[in-house]
Protein chains: 2
Amino acid sequence: MDHSSPHTRKKNAVTIIDVARESGVSYSTVSRVLSGFEYVSDDTRERVLAVAKRLGYVANLQARSLAGGRSNVVGVLVPGLDNGYIIEVTRGIDEELNRQGYSLMLYTTHQQHGKETQFVSAIANGLCDGLLLVVPVVPDDYLDVLQQRKFPYVLVDQADSTRRHNSICSTNWQGAYDATQHLINLGHRQIGIITGRMDLSSGIERLEGYKSALATHDIALDERLIYPGDFFQPTGYTGGHHLLGLPTPPTAIFAGNDLMAFGVLQAAGERGVRVPDDLSVVGFDDIPYSVMMHPRLTTVRQLLDEMGRVAVQMLLKHIEQPESTPHHITLDTQLIVRESSAPPRHLKK
Amino acid sequence: MDHSSPHTRKKNAVTIIDVARESGVSYSTVSRVLSGFEYVSDDTRERVLAVAKRLGYVANLQARSLAGGRSNVVGVLVPGLDNGYIIEVTRGIDEELNRQGYSLMLYTTHQQHGKETQFVSAIANGLCDGLLLVVPVVPDDYLDVLQQRKFPYVLVDQADSTRRHNSICSTNWQGAYDATQHLINLGHRQIGIITGRMDLSSGIERLEGYKSALATHDIALDERLIYPGDFFQPTGYTGGHHLLGLPTPPTAIFAGNDLMAFGVLQAAGERGVRVPDDLSVVGFDDIPYSVMMHPRLTTVRQLLDEMGRVAVQMLLKHIEQPESTPHHITLDTQLIVRESSAPPRHLKK
DNA sequence: ATTTTCTCTGCAAGCGTTTGCATCACACAT
DNA sequence: ATGTGTGATGCAAACGCTTGCAGAGAAAAT
């Protein structure tokens with residue numbers, strides 16, 4: 001009838017006090033050995049560390065961060081786990097965090113804007129030492145709160161024109177330019193594009209890169225060849241069908257990202273349009289599945305995991321020195337030519 | 001010269017005491033309103049809640065769980081983020097956790113067995129209220145620790161023959177049986193298999209299902225058609241090449257999971273073996289990319305995200321009632337027939 | 001009218017850390 | 001010998017919360 005006490009799970013835990021008792025010093029000394037590493041004599045340090053190890057002591061995170069120390073937890077805010085691109089970045093983040101002895105708290109916004117609660121919690125909670133914002137768009141007032149609280153954070157894959165924040169992103173403009181130029185060099189003149197979300201800097205910049213490449217090569221911009229997308233596969237699919245269904249369909253399509261390129265591939269397949277014979281397709285991101293497609297996808301490689309890793313490094317640096325001025329890093333993209341792009345039909349014979 | 005005090009970030013935080021002062025009750029009453037919901041008069045509760053809302057109060061997790069309450073954090077232990085299957089499960093977990101007002105702490109083992117530290121931390125830390133183990137193999141002694149500490153946990157996608165643990169998995173045997181039978185019914189007799197990791201119950205069961213289906217239909221087992229895999233794409237690729245390079249190659253290949261099936265598709269493509277004309281391929285999992293492949297992959301659908309969701313529900317139930325006896329849930333699989341499987345060549349004409 | 005029971009509230013003791021301050025011993029310069 | 005600085009240590013006060021215990025009324029039972 002009678003159940004266990006509410007504190008059941010508290011048992012067994014080795015605390016700093018146990019270590020102190022066992023090694024014959026005060027618990028504050030133990031604390032200093034474990035975190036501060038200052039003003040402790042060498043033999044005391046060694047003795048304490050030995051005991052801690054022997055007892056299997058593991059610091060209690062809540063206590064530590066409650067008392068004002070580090071929790072060694074970093075919060076990662078992502079829109080959702082339904083996107084290869086996000087996964088890749090997160091993978092890089094995770095790896096680096098691991099390497100540096102940090103834990104990862106995952107907050108997903110699920111595209112619901114009301115989910116900012118999570119965000120607030122993340123900082124108000126005080127659980128995290130810092131925040132990695134991989135979400136497409138962050139309301140300015142939230143960033144203001146972060147700044148004002150001097151809470152360390154890094155914007156990942158967001159062009160921060162104001163240079164007010166720590167941020168990292170890729171050369172989206174250049175990548176799109178390269179991709180488009182690649183198609184032009186192959187001989188294509190009718191080049192369609194399925195854009196990314198136009199409320200995101202990456203979406204905008206990629207479209208601009210596309211336009212610039214056309215302009216540089218004196219190809220008139222045809223608005224009908226621009227299909228507005230959202231970075232998700234289904235849009236690539238419908239967009240592909242739409243473009244291929246035009247009176248004079250494009251001979252090449254540049255998709256704003258790989259996922260949408262996959263959709264184009266699928267639409268082409270259904271219409272009996274052969275890639276790359278009848279249609280060239282180029283993507284953006286180079287997520288792992290790009291190379292598994294048939295034909296393997298020509299795309300613009302972003303070092304997504306690298307982006308995650310570097311973001312972590314920036315963040316940790318910022319955690320060390322909260323007063324340091326914001327940095328911005330841009331990662332180069334690279335055109336990866338595979339089998340989904342080729343010269344247009346009329347040039348082949 | 002002089003830097004900010006170490007406690008800089010502590011400012012601004014609204015504590016339970018502020019709420020208490022503002023609403024004219026003691027802080028313990030506030031605490032009871034916020035977490036206990038017991039023995040508080042209706043109007044006190046309302047008043048406190050109103051004030052809390054107005055002040056934008058958010059409970060401090062560390063303090064709460066330090067003091068013995070719930071942290072509303074669940075730890076999720078995964079091998080890594082490089083696997084569509086894991087992603088899907090995690091996605092389900094994440095969604096359900098979100099819905100239930102929990103946060104997700106992600107621990108990746110990165111296949112390094114030394115990474116059990118993470119594991120120990122997760123519980124010793126006391127940060128998490130419970131643990132979801134999505135990792136392929138968990139040493140028994142760890143599970144013993146969990147049991148002994150009465151720490152809530154659920155094994156995800158692990159056949160727990162002992163029924164000692166809370167666990168959830170799919171009908172791996174049946175799924176493999178169905179897949180193989182599907183190929184047999186199409187007329188295939190030479191059916192190759194690329195197995196999963198044989199130290200995992202899912203790998204073993206799928207192989208058994210394959211064998212049983214063959215036996216039921218009086219097809220002799222040919223050991224040469226069994227290629228040992230590991231659930232990753234490259235192995236599917238090499239396995240595909242290997243099987244297709246045999247003197248009498250199989251007319252169909254059942255891959256232990258979709259990722260390996262993708263590898264087979266790629267190998268077939270390189271060899272000029274056409275799918276499904278010359279070779280039928282069936283996968284397992286039905287990760288989102290399966291439908292993006294060309295040809296679209298016939299596979300055994302596991303409700304991976306559902307598995308994650310249900311796992312969360314089991315865990316939360318167990319957190320509520322730590323003394324409850326372990327449950328086990330099995331989720332049905334479903335054969336999804338798409339274009340990568342067809343009757344063998346010789347039957348077609 | 002008195003006792004018992006019950007609902008509600010407050011007090012205070014922790015939870016396991018970090019860290020400012022005080023203390024102490026020792027060496028060094030005076 | 002006395003003073004001064006310095007490295008090493010300990011004490012105790014937070015950090016923000018939960019919860020056992022006790023007390024205060026009010027309602028119910030005697």
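All values below were derived from every heavy atom in this structure, side-chain atoms included, with hydrogens, water molecules and symmetry-related copies excluded. Everything numeric here is computed off the predicted structure, so don't read it as measured data.
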Taking C-beta and beyond as the side chain, do [X] and [Y] meet within less than 4.5 Å on heavy atoms?
| X | Y | answer |
| --- | --- | --- |
| R164(A) | P326(A) | no |
| Q100(A) | Q313(A) | yes |
| L315(A) | N166(A) | no |

Worksheet item: What does nucleotides 5-14 of chain C look like as a protein-contact string, B for base, S for sugar-phosphate only, - for none, at under 4.0 angstrom between heavy atoms?
Response: --SSBBBB-B
Find the distance [X]:[atom1] to [N]:[atom2] and express it as a whole number of Å.
| X | N | atom1 | atom2 | answer |
| --- | --- | --- | --- | --- |
| D129(A) | dT18(C) | CG | P | 12 Å |
| I16(A) | dC15(C) | CD1 | C1' | 13 Å |
| N72(A) | dT18(C) | CG | P | 11 Å |
| I17(A) | dG16(C) | CD1 | P | 8 Å |
| R21(A) | dG16(C) | CZ | P | 12 Å |
| Q62(B) | dG16(C) | CD | P | 15 Å |

Worksheet item: OP1 or OP2 of dT18(C) sitting under 4.0 Å from any side-chain N/O of R64(A)?
Response: yes
Discussion item. With side chain to side chain contact (heavy atoms under 4.5 Å, CB included) as the test, pick out the partner of V312(B) among I93(B), V76(B), V156(B), D94(B).
Written reply: I93(B)
Practice prompt. Name the closest nucleotide to the S31(B) side chain, picking from dG16(D), dT17(C), dT18(D).
Written response: dT18(D)
Worksheet item: Can you tell me if E96(B) and Y102(B) form a side-chain donor-acceptor pair at under 3.5 Å?
Response: no
Response to the item:
Distance col, row R309(B):CZ vs E306(B):CD, nearest 0.5 angstrom, shows 5.0 Å
